Structures are given as C-alpha cells and as structure tokens.
Amino acid sequence: MRCEKFKSLLDAYADGVLTENESLMVAEHLQHCHVCQLRWQEVQELNRLLDDAFANFHPLPSQILRQRIKRTIFTQRLTSRRKVTVRRPAAIFAVAVVGLIVIVASLMHQPLLPSHEGHREREITESQTKIAKSEAPPKPPEPPGKPIQIPKQQFEPSTGVISNPPTVKRISVSLAARPKAKRQVAYRRAAAKPFKDNEPTGTEPSAKVVSETVETLPKAEPRTETILISVEKIIPTNPTEPVPPAMVYRVLDAPVRREITVLPPQGAIAQPISIAELTIPSLSRP
Amino acid sequence: MSDEELVKRAQNGDVQAFMALAERYETVIFRLAFALLRHREDAEDATQDIFVHAFQRLQTLRDAGSFALWLRRLAIRICLRYRRRRITELEFVEPLGDEYENEILFRTDLDPETEAEKAELRMQVRKAIAELPEPFQIVVLLYHMDGLSYDEIAQVLGVPVGTVRSRLSRARAMLREKLAPFIQQSGSSSPNASFPEINSKQVMSDAV
C-alpha cells in the first residue's frame with residue numbers, strides 16, 4: 001500500500017515538481033524498495049523515450065505560409081469593418097472569379113437634381129422604376145440644386161479624361177445566408193445603353209465609367225458580403241455637365257433578379273467623382 | 001526585440017511587429033498543429049487561422065509577456081475544431097513524421113540500421129501519443145515536445161496545476177502500457193539508469 005502511494009508520486013518526482021518533503025520521502029523510499037526502483041527505472045526510461053521522440057521532430061511549413069498569413073492580415077485590415085477569414089490564396093481567386101461577373105458598363109446618369117428626373121426614369125429599366133417608385137414616391141418639384149463641377153485640375157480637355165487616381169468604392173450588401181454553391185452573384189451596372197464618347201450631350205449622360213473591377217471577399221458573417229468596386233477612370237462627355245454620383249446596380253441572383261439603387265450619403269453630392277463609401281442598407285431575399 | 005515589446009507595438013496597429021511575432025512562432029505553432037492534426041495541409045491551414053485569429057484578438061491579450069502561451073491556447077482550440085470537423089477523414093492522417101527522420105538515415109557517420117531502428121521507435125512513440133485521449137495527448141505534447149512547465153501548461157489550458165500533474169501522470173501510465181515492449185527493450189540496453197540493475201524476478205518475489 002505504501003508502495004502504491006509512492007508509485008503515484010514517481011512521475012511528479014521525475015519532473016521535479018514535488019515539495020521538498022515529498023521529494024525526500026520518495027528518495028528515501030527508493031533507497032530500500034526494489035519494486036519502486038524498478039518502477040523508477042521505467043518512469044525514467046519512458047521520459048527519455050518521450051523527450052527523444054520529439055528531438056528530431058521539426059516539421060517545417062511550406063515557404064508560402066508566412067505570405068499567406070501576411071496577405072490575409074493585410075486583406076483584413078483593408079476590410080477592417082468586417083471579419084474575414086481567407087483560407088488559401090486560391091480561395092480568394094476562386095471566389096473573386098466565380099462569385100462575381102464583372103461587366104464594364106456605362107455610368108448611369110441618375111440626376112439627383114430635379115431637372116434630370118425625367119431622363120433618369122427613361123434610363124432605368126422597368127423593374128427598377130417599380131422599385132424606385134415603391135421606395136421613393138414622386139416628390140414635388142424642388143428648386144434646382146447646386147450644379148456639380150468636376151475639379152478642373154483633374155480634367156484633361158484634350159483627351160476628355162479625368163486623371164483621378166483609382167477610386168475604391170466600398171459597397172456593403174446584405175444577402176441572405178444560402179448554400180455556398182448558390183452564392184454566385186453578378187452585379188451589373190444597370191444602364192441599358194452603352195454611352196459613346198461622341199454622343200451628343202444635353203439630357204444625355206455626361207460621363208461614363210470606362211473600366212471598373214469588382215471583387216468579392218469571402219462571406220465573413222452569415223448574412224453579409226462585402227464587395228469592393230474599384231472605379232479606374234471616368235470620362236465625362238461634357239465636363240460642364242454635372243456628374244451625378246448615384247448609380248444603379250443590378251443584382252443578378254438567379255432565380256431572383258433584383259435591382260439596387262445606390263445613392264450617395266448626404267453631402268456627397270458635391271464630390272461626384274471621388275466616390276465615397278456607399279452602403280446599401282439591406283437587400284433581403286423574398 | 002522581446003515578445004512583450006512586439007505585442008505592444010502590434011496592439012497599437014503595427015502589422016510588421018505582428019509579422020515578426022508570426023515569424024518567431026510559426027514553426028512552433030505549425031509543429032503543434034501538425035502533431036495534433038497529423039495532416040500537413042490541415043496543419044498549415046490551421047496555423048494560418050491561428051495567426052489571423054491572434055491578430056484579430058490581440059487587443060484581448062492583457063499580459064503581453066504571455067503571448068507564446070496565449071498563442072498556444074488559441075492553437076489548441078483551433079486545432080481541436082479542425083479535428084472535430086474532419087472526424088470522418090481520419091484515414092488520411094499522416095504517420096507523424098517518418099519523412100523527417102530521413103535526414104538522419106543519410107548521415108554517413110551513423111550506422112543506418114541502428115538509426116533506422118531508433119527512428120522507427122521514435123515514430124512508434126509519437127504514434128502512441130497521438131492515440132491518447134485528447135486532454136492527455138495535449139499535456140504530453142506541451143510538456144515533452146514544447147518543453148513547457150506545469151505552470152505554463154496550466155496557463156495554456158486554463159486548468160489548475162494539480163490537473164496538469166494528474167493528467168500527465170495518467171497519460172504516462174497509458175503510454176507505459178502501450179510502449180511496454182519498447183521500454184523493456186530500451187531499458188535493458190541502457191545501463192545509465194540511476195539505480196544499479198537488479199534482478200527483476202528476485203524483486204517481484206520479494207514484493208510478493
């Protein structure tokens with residue numbers, strides 16, 4: 001019985017975590033108990049085996065792991081408002097490519113100014129009009145707002161190109177949780193007709209986006225998805241015309257087709273080109 | 001630069017400081033993940049998740065000096081989540097490292113046959129550890145592989161030191177049983193035990 005007590009202490013004795021009194025007792029017992037001496041040898045031998053088992057065990061991760069960590073962390077900082085976990089670089093690529101179809105399209109002139117209201121309604125598709133009407137009933141005519149001027153120092157008259165640096169616009173769209181396989185969403189600029197460079201101005205659109213890229217990031221939370229839209233260049237066909245910042249996006253999400261009208265936040269109207277952060281409040285699935 | 005200093009910098013938004021920490025602990029955490037998951041790709045994915053989570057939650061770390069322990073705690077939690085998620089895929093696990101023993105076998109100053117036997121023994125021991133129930137496996141890995149003390153293991157696992165001691169003791173009892181043949185072989189071949197060799201039959205008859 002006494003040996004059983006010491007047997008339970010031998011591991012801790014080997015690890016040197018017994019109290020001084022306990023250690024002395026075990027040492028003394030080991031001096032004259034041959035059974036415990038054998039056990040003590042086993043304890044030592046097992047410890048040696050266990051230590052030795054990992055002496056040469058130094059598996060190294062692949063060299064790109066650190067880059068993966070770094071890239072993920074920087075991506076997270078970019079979208080720091082949301083928690084995003086990206087497992088592999090390939091996953092980012094796959095989601096970006098498969099998840100979204102980017103279509104280069106014209107900038108929809110959606111005048112916020114009352115004088116452009118009629119034009120806006122012509123341009124928006126029928127279903128958009130329905131949504132627009134249901135969400136925003138017709139307002140009584142208001143006095144014309146302050147015209148929006150493109151900053152002259154950024155406009156090249158010879159080429160008609162505004163040399164703005166690439167502008168990143170962040171749009172948050174809430175989408176209902178759904179199976180991964182069906183998470184393919186396409187966003188299309190909703191302008192029905194592409195605008196030509198030499199198109200006469202007037203009531204026609206006065207600017208267009210010639211190139212834009214859309215990137216989606218993996219879903220971070222069950223019901224949200226972040227889309228980054230980078231507008232590379234905006235060509236105004238008539239720089240004196242105001243460039244309305246409002247745009248219409250069409251979400252192609254089979255079998256549901258839905259249009260989103262992206263409106264700028266209050267106060268953004270004075271800076272139509274440098275597109276601020278826009279938020280689509282919600283897009284709940286029917 | 002110390003961990004503490006790097007952690008404080010990282011907590012103030014210095015990503016480079018965090019990457020320096022990641023560089024410092026990458027192999028340690030990967031080794032722990034690999035030992036727990038026994039699958040290289042899973043271990044790499046888990047290691048990435050561990051550091052990304054660590055970066056996200058770095059603000060919650062109050063004692064910057066205990067970063068290494070805190071990181072291990074996070075690592076264990078994430079690795080166990082990986083293990084539970086792939087419970088049906090266990091047939092794909094790797095045998096824990098015979099590839100890492102190959103270097104030794106190619107050394108000309110060592111007897112290949114003896115070294116092969118030793119490598120085989122080490123692999124058997126690692127396999128026996130991997131087959132232990134989860135809590136026991138973890139304490140063995142933290143103590144014998146990572147070289148943590150009882151106090152540090154208690155801090156990592158969030159349990160009292162007494163629990164660490166009892167788990168380690170039980171884990172070793174299980175391992176003694178599993179590895180009995182190897183212990184007898186290696187014990188009989190090692191004259192370096194602390195006590196002189198004694199006749200075991202005689203001892204057992206004395207005990208009876």
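Since the model is a prediction, treat every value here as computed from it, not as a measurement. Atoms considered below: every heavy atom in the structure, side chains included; atoms not considered: hydrogens, waters and symmetry mates. To find a chain, count down the sequence lines: A is the first, B the second, and so on, and within it residues start at 1.
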> Atom CG in B/Asp146, atom CZ in A/Phe54: separation rounded to 0.5 Å?
Replying inline: 9.0 Å
>> Between A/Leu9 and B/Arg165, does the side-chain contact (heavy atoms from CB on, under 4.5 Å) criterion hold? Intermediate values first, please.
In response: CA-CA 10 Å; A/Leu9 293 175; B/Arg165 181 170 145 179; 3.4 Å; yes
>> Are the side chains of A/Lys70 and B/Val15 in contact, using a 4.5 Å heavy-atom criterion?
In response: no
> Is it true that A/Arg68 and B/Asp45 have a side-chain N and a carboxylate O under 4.0 angstrom from each other?
Replying inline: yes
>> Could you walk me through whether B/Arg122 and A/Asp51 satisfy the salt bridge (Lys or Arg N to Asp or Glu O under 4.0 Å) test, starting with their C-alpha distance in whole Å, then the side-chain angles of each, then the deciding distance to 0.1 Å, before giving a yes or no?
In response: CA-CA 10 Å; B/Arg122 285 194 283 264; A/Asp51 288 336; over 6 Å; no
>> side-chain contact (heavy atoms from CB on, under 4.5 Å) for A/Leu49 and B/Leu175? Distances and angles first, verdict last.
In response: CA-CA 10 Å; A/Leu49 281 180; B/Leu175 288 172; over 6 Å; no
> Can you say whether B/Arg176 sits under 4.5 Å from chain A via the side chain, the backbone, both, or neither, judging by heavy atoms?
Replying inline: both
>> Assess the residue pair B/Leu121 and A/Asp52 against the criterion (side-chain contact (heavy atoms from CB on, under 4.5 Å)); give the C-alpha distance rounded to whole Å, side-chain angles, the decisive distance to 0.1 Å, and a yes or no.
In response: CA-CA 10 Å; B/Leu121 175 60; A/Asp52 191 44; 5.9 Å; no
> Is there a donor-acceptor pair under 3.5 Å between the side chain of B/Glu44 and the backbone N or O of A/Ser62?
Replying inline: yes
>> Is B/Gln124 close to chain A through its backbone or its side chain, or both, or neither, when contacts mean heavy atoms under 4.5 Å?
In response: neither
> Relative to chain A, which of B/Ser169, B/Ala128, B/Ala33 shows the most heavy atom pairs under 4.5 Å?
Replying inline: B/Ser169
> How long is the span from the CZ atom in A/Arg71 to the CD atom in B/Gln48, to the nearest 0.5 Å?
Replying inline: 9.0 Å
>> So for B/Met145, is it side chain, backbone, both, or neither that comes closer than 4.5 Å to the heavy atoms of chain A?
In response: both
> Please walk me through it: do B/Arg172 and A/Val43 pass side-chain contact (heavy atoms from CB on, under 4.5 Å)?
Replying inline: CA-CA 8 Å; B/Arg172 282 168 175 161; A/Val43 165; 6.0 Å; no
>> Does any backbone or side-chain atom of B/Ile50 lie under 4.5 Å from a heavy atom of chain A? Answer side chain, backbone, both or neither.
In response: neither
> Counting distance only, does the side-chain N/O of B/Arg126 pair as donor-acceptor with the main-chain N or O of A/Ala53 below 3.5 Å?
Replying inline: yes
>> To check you understand the geometry: which heavy-atom pair defines the closest contact between B/Gln16 and A/Phe74, and what is its length?
In response: NE2-CZ, 4.0 Å
>> Return the CD1 to CZ distance between A/Ile69 and B/Phe18, rounded to the nearest 0.5 Å.
In response: 8.0 Å
> Taking all atoms of both residues into account, what is the closest heavy-atom pair of A/Pro59 and B/Phe30, and its distance?
Replying inline: O-CD2, 3.4 Å
> Once you round to the nearest 0.5 Å, how far does CG of A/Leu50 lie from CG of B/Leu141?
Replying inline: 10.0 Å
>> What's the separation between atom CZ in B/Phe51 and atom OG1 in A/Thr72, rounded to the nearest 0.5 Å?
In response: 12.5 Å
